[in-house]
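Notes to accompany the following structure.
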Amino acid sequence: MTLAVFVVLSAVCVAAVAAMILSRNPADNALFLVVAFAALGGLFGLLDSPFAAVAQVLVYAGAIMVLFLFAVMMFDLRRLEPRSRKRVRLGLASALAALLLAELALAGIRISGLAGPAWRSAEARDMARLGRLLFTDYLYPLEISALLLMAAIAGALALAGRKDAG
Amino acid sequence: MIPPLAFFVLAAVLFVLGVVAFFVKKDLLTQFMAVEVMLNAGNLAFLALTAGPGRANAQAIVLFVIAVAAAEAVVGLSVIVLVFRRRKSIRTDELRDLKG
């Protein structure tokens, strides 16, 4: 059962990202990415990480992609991306991709020796533990990320909020 | 139970697809989306390679990655909006002022 869920979710995720590469409309791309991120949220759930799953669906598939769609709204979409005639770029990209995949496969072979330790998944699902971690061990990163989000809001307003910009 | 390696392989495939998308696509917006795909592949690898109590730490780190990604998306998108306002185009093959 779990395996079936994993196979379906990963197939959806990879297919959505592949569709994003093939499609030429930015609005469609954003919607494909919503699908991919929602499937990825399900995969996080399979990994006994309910908090990451919820954050993924709410923040990524929800907030960030809505932001992308709002940005798409501001651009001229009637002009689709012309079909690329340059094969060089595709060749270079696939060469780089093959190199990277080989490297990651090496890393995968290295970690495949790691035997999955017997652990209780309840321990990973423990939300209280995560909350305590966030406010003890990760207190400074938490506060800094709050500051970072604040700075990002201020920065976005300063950059794009002005009427006379551009 | 699914081996962690399966999740790692999926993360690797997603990351590579993100890299390909970044280099093949030519509008800034979609390239930016490709960066988000790579960030998510990183998150998946993080969760896949931890076990037991460590998974809670990984979730905390995933939360920070998502927070940084949100900040990056906000600032990046406003920069893209500015580029579009100034140049009426977000296609990277039309923005070639730095080409000698």
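Chain letters run A, B, ... following the sequence lines, proteins first, then strands; residues in each count from 1.
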(message) Any non-hydrogen side-chain atom of B/E36 less than 4.5 Å from a side-chain atom of A/F37?
(response) yes

(message) For a 4.5 angstrom cut-off between non-hydrogen side-chain atoms, does B/I2 reach A/L47?
(response) no

(message) Can you tell me which portion of A/L134 sits under 4.5 Å from chain B's heavy atoms? Options are side chain, backbone, both or neither.
(response) side chain

(message) Report which part of B/I80 has an atom under 4.5 Å of a heavy atom belonging to chain A: side chain, backbone, both, or neither.
(response) both

(request) Could you tell me which portion of A/L96 (side chain, backbone, both or neither) has an atom closer than 4.5 angstrom to a non-hydrogen atom of chain B? (result) side chain

(request) Under 4.5 Å, counting heavy-atom pairs only, tell me which of B/L47, B/L5, B/V62, B/V20 racks up the most with chain A. (result) B/L47

(message) Side-chain heavy atoms nearer than 4.5 Å, only ILVMFWY residues, links allowed to pass through others: does that put B/V16 and B/F23 together?
(response) yes

(message) Heavy-atom cut-off 4.5 Å, strictly under: side chain, backbone, both or neither for B/A58 against chain A?
(response) neither

(request) Calculate, to the nearest 0.5 Å, the distance between atoms CG and SG belonging to B/L14 and A/C13 respectively. (result) 4.5 Å

(request) Look at A/A146, A/A97, A/A151, A/G155 and state which one has the largest set of heavy-atom pairs under 4.5 Å with chain B. (result) A/A97

(message) Can you tell me which portion of B/A45 sits under 4.5 Å from chain A's heavy atoms? Options are side chain, backbone, both or neither.
(response) neither

(message) As an exercise: rank B/V75, B/L29, B/V83, B/V81 by heavy-atom pairs under 4.5 Å with chain A and give me the winner.
(response) B/L29

(request) Looking only at non-hydrogen atoms, find the nearest pair between A/P26 and B/D27 and report the distance. (result) CG-OD2, 3.5 Å

(message) Can you tell me which of B/V79, B/V13, B/V19, B/V37 forms the most heavy-atom pairs within a distance under 4.5 Å of chain A?
(response) B/V37

(message) Tell me whether A/L159 shares a hydrophobic cluster with A/L149, the cluster being built from Ile, Leu, Val, Met, Phe, Trp, Tyr side chains joined at under 4.5 Å.
(response) no

(message) Counting only heavy atoms from other residues, nucleotides and ligands, does the tally under 6.0 Å from CZ of B/F32 exceed 12?
(response) yes

(message) With no hydrogens and no angle check, just 3.5 Å: does a side-chain donor-acceptor pair link A/Q56 and B/N43?
(response) no

(request) With a 4.5 angstrom heavy-atom cut-off, could you sort out which part of A/L101 is near chain B: side chain, backbone, both or neither? (result) both

(request) Please answer whether the main-chain N or O of B/N57 pairs with a side-chain N or O of A/R129 as donor and acceptor at a distance below 3.5 Å. (result) no

(message) Does any part of the side chain of B/K25, heavy atoms only, come nearer than 4.5 Å to the side chain of A/N29, both counted from C-beta?
(response) yes

(request) Give, as side chain, backbone, both or neither, the part of A/S145 having an atom under 4.5 angstrom from any heavy atom of chain B. (result) side chain

(message) Report which part of B/A11 has an atom under 4.5 Å of a heavy atom belonging to chain A: side chain, backbone, both, or neither.
(response) neither

(request) Check each atom of A/A158 against the heavy atoms of chain B and say whether the ones under 4.5 Å are side chain, backbone, both or neither. (result) neither

(message) Between A/Y60 and chain B, with a heavy-atom cut-off of 4.5 Å, which part of the residue counts as in contact: side chain, backbone, both or neither?
(response) side chain

(message) Less than 4.5 Å to any heavy atom of chain B: does that hold for the side chain of A/A107, its backbone, both, or neither?
(response) both

(message) Report which part of A/A156 has an atom under 4.5 Å of a heavy atom belonging to chain B: side chain, backbone, both, or neither.
(response) both

(message) Between A/F70 and chain B, with a heavy-atom cut-off of 4.5 Å, which part of the residue counts as in contact: side chain, backbone, both or neither?
(response) neither

(message) Can you give me the closest heavy-atom contact between B/R85 and A/A160, atom names plus distance?
(response) NH2-O, 3.0 Å

(message) What part of B/L39 gets within 4.5 angstrom of chain A, counting heavy atoms only: side chain, backbone, both, or neither?
(response) side chain

(message) For a side-chain contact (heavy atoms from CB on, under 4.5 Å) check, start with the C-alpha distance between A/Y138 and B/I61, then their side-chain angles and the critical distance, and finish with the verdict.
(response) CA-CA 9 Å; A/Y138 293 101; B/I61 290 175; 4.1 Å; yes

(message) Is the shortest side-chain heavy-atom distance between A/F68 and B/M33 below 4.5 Å?
(response) yes

(request) Select, from B/L17, B/N40, B/L44, the one with the greatest count of heavy-atom pairs under 4.5 Å involving chain A. (result) B/N40

(request) Please look at A/V14 and chain B and tell me whether the side chain, the backbone, both or neither of the residue comes under 4.5 angstrom of a heavy atom of that chain. (result) both

(request) Name the region of A/L142, side chain, backbone, both or neither, that has any atom closer than 4.5 Å to a heavy atom of chain B. (result) both

(message) Is the shortest side-chain heavy-atom distance between A/L67 and B/L77 below 4.5 Å?
(response) yes

(message) Can you classify the ring geometry of A/F6 versus B/F7 as parallel (below 30°), tilted (30 to 60°) or perpendicular (above 60°)?
(response) perpendicular

